[in-house]
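Have a look at the structure below before the remarks.
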Number of protein chains: 2
Amino acid sequence: MAGSDDKKPTTFRVIENELDCDHCEARDRCPGSELSQSQLKQLSDITTTRGPFQSGQAIYRMEDHFRSLFVIQKGAVKIESVSEDGANMVDGFYFIGEMFGVDAIGDDYYRNDAIALETTWVCELPYTKLETLCTLLPELQRKIFMMLGHQIRKINENLVHNRSLSAEKRVLQFLETLSDSNVVKKNHQCQMQLPMSKGDMACYLGLRPESLSRALGKLSSDGVIRNHARKIELLQHNTSFELAYK
Amino acid sequence: MAGSDDKKPTTFRVIENELDCDHCEARDRCPGSELSQSQLKQLSDITTTRGPFQSGQAIYRMEDHFRSLFVIQKGAVKIESVSEDGANMVDGFYFIGEMFGVDAIGDDYYRNDAIALETTWVCELPYTKLETLCTLLPELQRKIFMMLGHQIRKINENLVHNRSLSAEKRVLQFLETLSDSNVVKKNHQCQMQLPMSKGDMACYLGLRPESLSRALGKLSSDGVIRNHARKIELLQHNTSFELAYK
DNA sequence: CGCTTGATTGAAGAAACTCAAGGAAGGTGG
DNA sequence: CCACCTTCCTTGAGTTTCTTCAATCAAGCG
């Protein structure tokens, strides 16, 4: 199992697959897309591939000085912080091609921990170097601005949805987003292999594990999803069943 | 009343007070701070002061093409969107010295409406011009990146808090943030003059108006706040009363 | 095999919501 | 200046939803 996961992505993969991201749905989110070959070269010159991070390992922690942004080349990451009362909070999940660490821009330290959910490789973008390069490559600057805008939209949508949706709708919406963004592995029959625990998922959705379990149970019995251990299958895409949940 | 509110801020005010923002607590959030005089000049050359927007008037709407970011020079703004079921949602409030519209970066249209809550003047930053200027002025680029990072942190914190706090704690936290950031007018005895309706505030906090009313009532009877119509006074700052709400 | 951790289920309780009615404030017209 | 109206805010009673607490079940691992 460790064999294929632990293999370091080649430089070619770094540039072609992740930073340029030609293959992924989320092209806009990748800093390298729309850059010329020579510009890509300059970008990849300041980056470092880091990994493998095993499940549970930290890519950065709260105490660490903010130095870099990260783009996921392989694997998945959760962003976790600790609230005043000591409880763990999951702030977000990030997948292949997505950038994280941006919430620390303009700050001295990271405000949270970035934890690998599975064997994960990341591309490290040293922030000051990136800033400098941005002034030299307007297209790159443009791209980074866009990625930040996208990030803000994403969080905002989340905020709005979380506030006013019932547990079941929230869960379904989360699963649909996961499914639509094609960031999670699916087997033959559209079963998503979730990288995070149900506990983390519950926490992210602002629910107790028990409530998530019940919501999943309800969705199952309504025929909207099929719920196996860490595999979830979305059924009835865009049918009347699902519409009842809008 | 309209007399003083309707007076257009002078160019001097634009640069010195808002873009440079020497007077405001939120210095870091203002694009002009830490720029030299000549750089400030270049920045103010691409900006336009717009106003007055009367309470309820839109600075931009969902249907509008994204063209500009805005910094508030005077007044207050709410960002409002409509959910699938037709309900109005308040995504955020912005005050003097704060920038809004950034969630549309990288998009063709604004995703929401920006509505003045009181007589409001804004400084318009045409986005493509700003981008170009950023490549010429690394300090400005740096500043904009920082502001975006700050924005992301702010929304994220909100997201996390909203999920796990009771109505009363959420309300108190909101009031404290307002109070601490010194963006809301206060009279002699620390009474904040809230620019938004309680309905908007409730919506922003993910509560029904009734629930907000009850939460405020509870906080009042506990001696943590004093609740008049649109004036709210924070008592017991950092005392045992308040600690019980952490 | 037993231990630990994560997921589920049930029953009771708390928190926020819904619906409905009443009250205060601000604006308008007489 | 007052009566009226509209809008916003508050209050109450009953219901829904999610949480809490406790127990059980399943899976992974030494």
Side-chain angles (χ1 to χ4, degrees), chain A residues 1-2 54-56 78 80 83 85 87-90 115 117-118 161-172 174-175 193-222 225-232 245, chain B residues 1-2 54-56 78 80 83 85 87-90 115 117-119 161-172 174-175 191 193-222 225-232 245:
Chain A
M1 187 196 212
Q54 301 303 332
S55 175
K78 73 171 166 184
E80 196 169 44
S83 66
D85 62 356
N88 265 13
M89 323 239 17
V90 176
I115 312 286
L117 289 171
E118 54 190 44
H161 287 142
N162 265 359
R163 271 195 306 226
S164 50
L165 267 53
S166 71
E168 284 154 40
K169 289 181 190 171
R170 241 181 291 178
V171 172
L172 185 58
F174 175 74
L175 293 174
Q193 177 68 45
L194 299 179
M196 75 289 287
S197 71
K198 297 236 167 112
D200 283 341
M201 185 173 150
C203 189
Y204 174 66
L205 294 170
L207 299 169
R208 300 288 125 181
E210 298 94 327
S211 301
L212 172 62
S213 186
R214 280 182 247 273
L216 287 171
K218 183 72 167 38
L219 289 170
S220 279
S221 70
D222 284 1
I225 65 166
R226 206 166 284 159
N227 181 20
H228 319 84
R230 265 212 189 182
K231 292 186 185 66
I232 291 186
Y245 281 96
Chain B
M1 186 193 207
Q54 301 302 332
S55 175
K78 74 172 166 184
E80 197 170 42
S83 66
D85 62 355
N88 265 14
M89 324 240 15
V90 176
I115 311 286
L117 289 170
E118 54 190 43
T119 305
H161 286 143
N162 266 359
R163 272 195 306 227
S164 50
L165 267 53
S166 69
E168 284 153 40
K169 290 181 190 174
R170 241 181 292 178
V171 172
L172 185 57
F174 174 75
L175 293 174
Q191 291 185 336
Q193 177 69 46
L194 299 179
M196 75 288 285
S197 70
K198 298 236 166 112
D200 283 341
M201 185 172 150
C203 188
Y204 175 66
L205 294 170
L207 298 170
R208 300 287 125 183
E210 298 95 327
S211 301
L212 172 62
S213 187
R214 281 183 247 274
L216 288 171
K218 183 72 168 40
L219 289 170
S220 279
S221 69
D222 284 1
I225 65 167
R226 205 167 286 160
N227 181 20
H228 319 83
R230 266 210 188 180
K231 291 188 186 65
I232 292 188
Y245 281 97

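Naming convention: chains lettered A, B, ... in sequence-line order (proteins, then strands); numbering from 1 in each chain. Everything numeric here is computed off the predicted structure, so don't read it as measured data.
Among the heavy atoms of the strands lying under 4.0 Å from A:S211 is at least one base atom, whether or not backbone atoms are also near.
Taking only side-chain nitrogens and oxygens, B:R214 never comes nearer than 4.0 Å to OP1 or OP2 of C:dA16. Residue B:S166 has no polar side-chain atom (N or O) positioned under 4.0 Å from OP1 or OP2 of C:dA15. Between C:dA7 and A:N227, no contact under 4.0 Å exists linking OP1 or OP2 to a side-chain N or O. Close to C:dA7, at under 4.0 Å from its OP1 or OP2, lies no side-chain N or O of A:S213.
Comparing A:K198 and A:R163 along DNA chain C, the residue whose closest nucleotide (by nearest heavy atom) sits nearer the 5' end is A:K198.
Side-chain N or O atoms of B:S220 include one that pairs as donor or acceptor with a backbone N or O of B:L216 at under 3.5 Å. In terms of modelled atom types and a separation under 3.5 Å, the side chain of B:R163 and the main chain of A:L205 share no donor-acceptor contact. At least one donor-acceptor pair under 3.5 Å links the side chain of B:R230 to the backbone N or O of B:P195.
Following rounding to the nearest Å, B:L165 (CG) and D:dC18 (P) show an atom-to-atom distance of 18 Å. Going from atom NZ of B:K169 over to atom P of C:dA16 covers 10 Å, rounded to whole Å. For A:N88 and C:dG6, the CG to C1' distance is 15 Å, given to the nearest whole Å. One can place CG of A:L205 at 16 Å from C1' of D:dT17, the figure rounded to the nearest angstrom. Atom-to-atom, CD of A:E168 to C1' of D:dC18 comes out at 11 Å; the value is rounded to the nearest Å. Atom CD1 in A:I232 sits roughly 10 Å away from atom P in C:dA7 (whole-Å rounding). One can place NZ of A:K218 at 14 Å from P of C:dT9, the figure rounded to the nearest angstrom. One interatomic measurement links the two molecules: CG of B:L216 to P of C:dA24, which rounds to 18 Å at whole-angstrom precision.
The nucleotide whose nearest atom lies closest to any side-chain atom of B:R208 is, among C:dT18, D:dT20, C:dA7, C:dT18. Nearest nucleotide to the B:E210 side chain, out of C:dT18, C:dT8, D:dC9: C:dT18. Looking at the side chain of B:L207, the nearest of the listed nucleotides D:dC8, C:dA16, D:dT20 is C:dA16.
Ion pair A:K78/A:E80 flagged as a salt bridge, since at least one NZ, NE, NH1 or NH2 atom sits closer than 4.0 Å to an Asp/Glu carboxylate oxygen.
In this structure, A:K198 places its NZ atom where more than 12 heavy-atom neighbours from other residues, nucleotides or ligands lie under 6.0 Å away.
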